2 protein chains.
Amino acid sequence: MNTLAYILLGMLAREPLSGYDLVTLLKKHFGPFWAISHTQIYPALAQLVEAGFTTYQIIEQQAKRPDKKIYQITEAGQVALRAWVESSTSPAIIRDEFLLKAYSLWVADPKHMQAIFREQIALHQERLSMHEQELDAKRTKYLAMSQGNSESLAMAELIFKYTIGYEQNYISWCNDVLHYLEQHEEAHRGEEE
Amino acid sequence: MNTLAYILLGMLAREPLSGYDLVTLLKKHFGPFWAISHTQIYPALAQLVEAGFTTYQIIEQQAKRPDKKIYQITEAGQVALRAWVESSTSPAIIRDEFLLKAYSLWVADPKHMQAIFREQIALHQERLSMHEQELDAKRTKYLAMSQGNSESLAMAELIFKYTIGYEQNYISWCNDVLHYLEQHEEAHRGEEE
DNA sequence: TAGCACATGTAACTTGTTACATGATTAG
DNA sequence: CTAATCATGTAACAAGTTACATGTGCTA
């Protein structure tokens, strides 16, 4: 079982879903965290069934679509998921190409790099707003249910909180570099004049 | 040319190095950013030579070691590196297994998860101190050179600044979750008594 | 009429990891 | 005597991406 398998188990522990549903939900809510494509998911689900961690029901489709398979987690699957969640994790490797470009920033044109950093800020700003909106939507949804179930709200907020901080740090770092590049350019211009 | 190839080019743009040197430096300075192993580097270097982006000199070794190859970047390599640095980058996918575990945290034992989050804080704290120390070492090194070359210092500081913010955000998020878990537990205990 | 939503899958390819392979010198 | 440092490489495997494959119904 690899990480993808446990992501799927984690989602199926909340509600039974088809492969298509899983991909759709993952793209919507987990896009920035863990990209997956439908080509990965079907073999992974087959593997989960083989391991006895999920079962599925076939739902016949009208129109000429492939039959839908709704997967649900088994007890063995819940045990496995819990063991994974409770196991320790070594810090992830960041693997962000943009940071590596920053490392070699000195070989490039400062003016051009200003544009590149502004673009990067815009992209992360977009992601930040997206997360803030999703968090907001979740809050109003829970309030509308008006059952005072603050626990599940706190749970749902968990990951969003992380990414919001992550994006804020990213943007503020880009701004730092941008200011440096701008000041540096002015210093040069000052020398030339 | 993939990202790894450009990382190597970026390092060779600063100074000529052997494959072994590259791995050693990468592990030391880029470990948390982009893990690489020596088994990847040798094919990648061969590819760079084939593309005309690097050349190498063979240095014969005493003792029965394989001959050392010192790679240096070519002009074509510098052009390629610069084009890569100046190209735009879409935001990276975070791919942090621990965040996904947090998503399924509700299936696990709260007490146990407190320990897991404390462990994660310790691990990131370690990484943070490591980066702070490296940054400090770099600063004193540049001051010792006493040539007032504040520009290259600022450059060297760039990536460290990012990671320090990254780790601080990580730790503060873990602490938030930890406090939530502790309060939650107290609430339960309160109910029981 | 072009594209998207639905719904599943296989095959080829790229990237990264782990295991295997060699072999002297030096520090604990 | 065990492990680490130096120094290069190949081969097998795991994970992820891209391209190929099918086919209807609805919306712009």
Side-chain angles (χ1 to χ4, degrees), chain A residues 1-9 16-28 30-51 54 56-71 84 90 92-97 100, chain B residues 1-9 16-28 30-51 54 56-71 84 90 92-97 100:
Chain A
M1 294 297 114
N2 55 23
T3 305
L4 174 60
Y6 289 111
I7 299 173
L8 300 179
L9 269 188
L17 293 164
S18 71
Y20 188 87
D21 295 335
L22 283 163
V23 177
T24 310
L25 278 175
L26 276 165
K27 286 212 170 145
K28 199 176 162 196
F30 286 81
F33 300 102
W34 205 282
I36 51 110
S37 70
H38 74 280
T39 58
Q40 259 188 295
I41 222 164
Y42 295 112
L45 284 167
Q47 207 183 311
L48 282 172
V49 171
E50 209 187 343
T54 56
Y56 62 89
Q57 279 180 284
I58 291 175
I59 307 230
E60 282 170 49
Q61 296 290 92
Q62 59 273 55
K64 255 202 173 173
R65 288 186 195 154
D67 284 347
K68 191 194 272 201
K69 293 181 187 168
I70 303 288
Y71 291 85
W84 175 71
S90 48
I93 287 151
I94 295 172
R95 271 185 205 285
D96 186 329
E97 199 179 353
L100 300 171
Chain B
M1 292 299 112
N2 55 22
T3 305
L4 175 59
Y6 288 110
I7 300 173
L8 299 180
L9 269 188
L17 292 164
S18 71
Y20 188 88
D21 295 334
L22 283 162
V23 177
T24 310
L25 278 176
L26 277 165
K27 287 214 169 141
K28 199 177 163 196
F30 285 81
F33 300 102
W34 205 283
I36 52 111
S37 69
H38 74 280
T39 58
Q40 259 187 296
I41 223 163
Y42 294 112
L45 284 168
Q47 208 182 312
L48 283 171
V49 170
E50 209 188 342
T54 56
Y56 63 87
Q57 279 179 283
I58 291 175
I59 308 231
E60 283 170 48
Q61 297 288 95
Q62 59 273 54
K64 254 203 173 174
R65 287 184 197 156
D67 284 346
K68 190 195 271 204
K69 293 181 188 169
I70 303 290
Y71 291 85
W84 175 72
S90 48
I93 288 151
I94 296 172
R95 271 186 204 286
D96 186 328
E97 199 179 353
L100 301 171

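Letters A, B, ... mirror the listed sequences (proteins, then strands); counts begin at 1. Owing to the predicted nature of the structure, the values given are computational and were not obtained by experimental measurement.
- The side chain of A:Thr39 lies closest to C:dA11 when the candidates are C:dA11, C:dC6, C:dT18.
- Rounding to whole angstrom units, NZ of residue B:Lys68 and P of D:dT5 are separated by 15 Å.
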Could you write out each protein N or O paired with an N or O of nucleotides 12-16 of chain C at a distance under 3.5 Å?
from	atom 1	to	atom 2	distance (Å)
C:dG16	OP2	B:Gln40	NE2	2.9
C:dG16	O5'	B:Gln40	NE2	3.4

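- Straight-line distance from the OH atom of B:Tyr20 to the C1' atom of C:dA24: 13 Å, rounded to whole Å.
- Residue B:Tyr42 places at least one side-chain N or O under 4.0 Å from the OP1 or OP2 atom of D:dT8.
- By the 4.5 Å heavy-atom criterion applied to side chains, B:Thr3 and B:Trp34 are counted as neighbours.
- As a whole-Å value, the separation of B:Leu22 CG from D:dT8 C1' is 13 Å.
- Side-chain proximity of A:Lys69 to C:dG9, C:dT18, C:dA21: nearest is C:dG9.
- Going from atom CG of A:Leu26 over to atom P of D:dG16 covers 12 Å, rounded to whole Å.
- Ring geometry for B:Tyr71 against B:Tyr56 counts as tilted: the plane angle lies between 30° and 60°, on a 0 to 90° scale.
- When side chains are defined from C-beta on, A:Thr54 does not count as touching A:Leu8, because their heavy atoms never get closer than 4.5 Å.
- At a threshold of 4.5 Å between non-hydrogen side-chain atoms, the residues B:Phe30 and A:Leu100 count as touching.
- Rounded to an integer number of Å, the gap from A:His38 NE2 to C:dC6 P is 14 Å.
- Atoms CG (A:Asp67) and C1' (D:dT22) sit 14 Å apart, rounded to a whole Å.
- For the pair B:Ile36 CD1 and C:dT17 C1', the computed distance is 12 Å after rounding to whole Å.
- One end of the helix from C:dT1-D:dA28 to C:dG28-D:dC1 points its axis 40° away from the other end's axis, with each axis taken from 5 pairs and the angle rounded to 10°.
- As a whole-Å value, the separation of B:Leu45 CG from D:dT8 C1' is 11 Å.
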Carefully, step by step, assess A:Met1 and A:Tyr6 under the rule side-chain contact (heavy atoms from CB on, under 4.5 Å). CA-CA 7 Å; A:Met1 294 297 114; A:Tyr6 289 111; 3.5 Å; yes

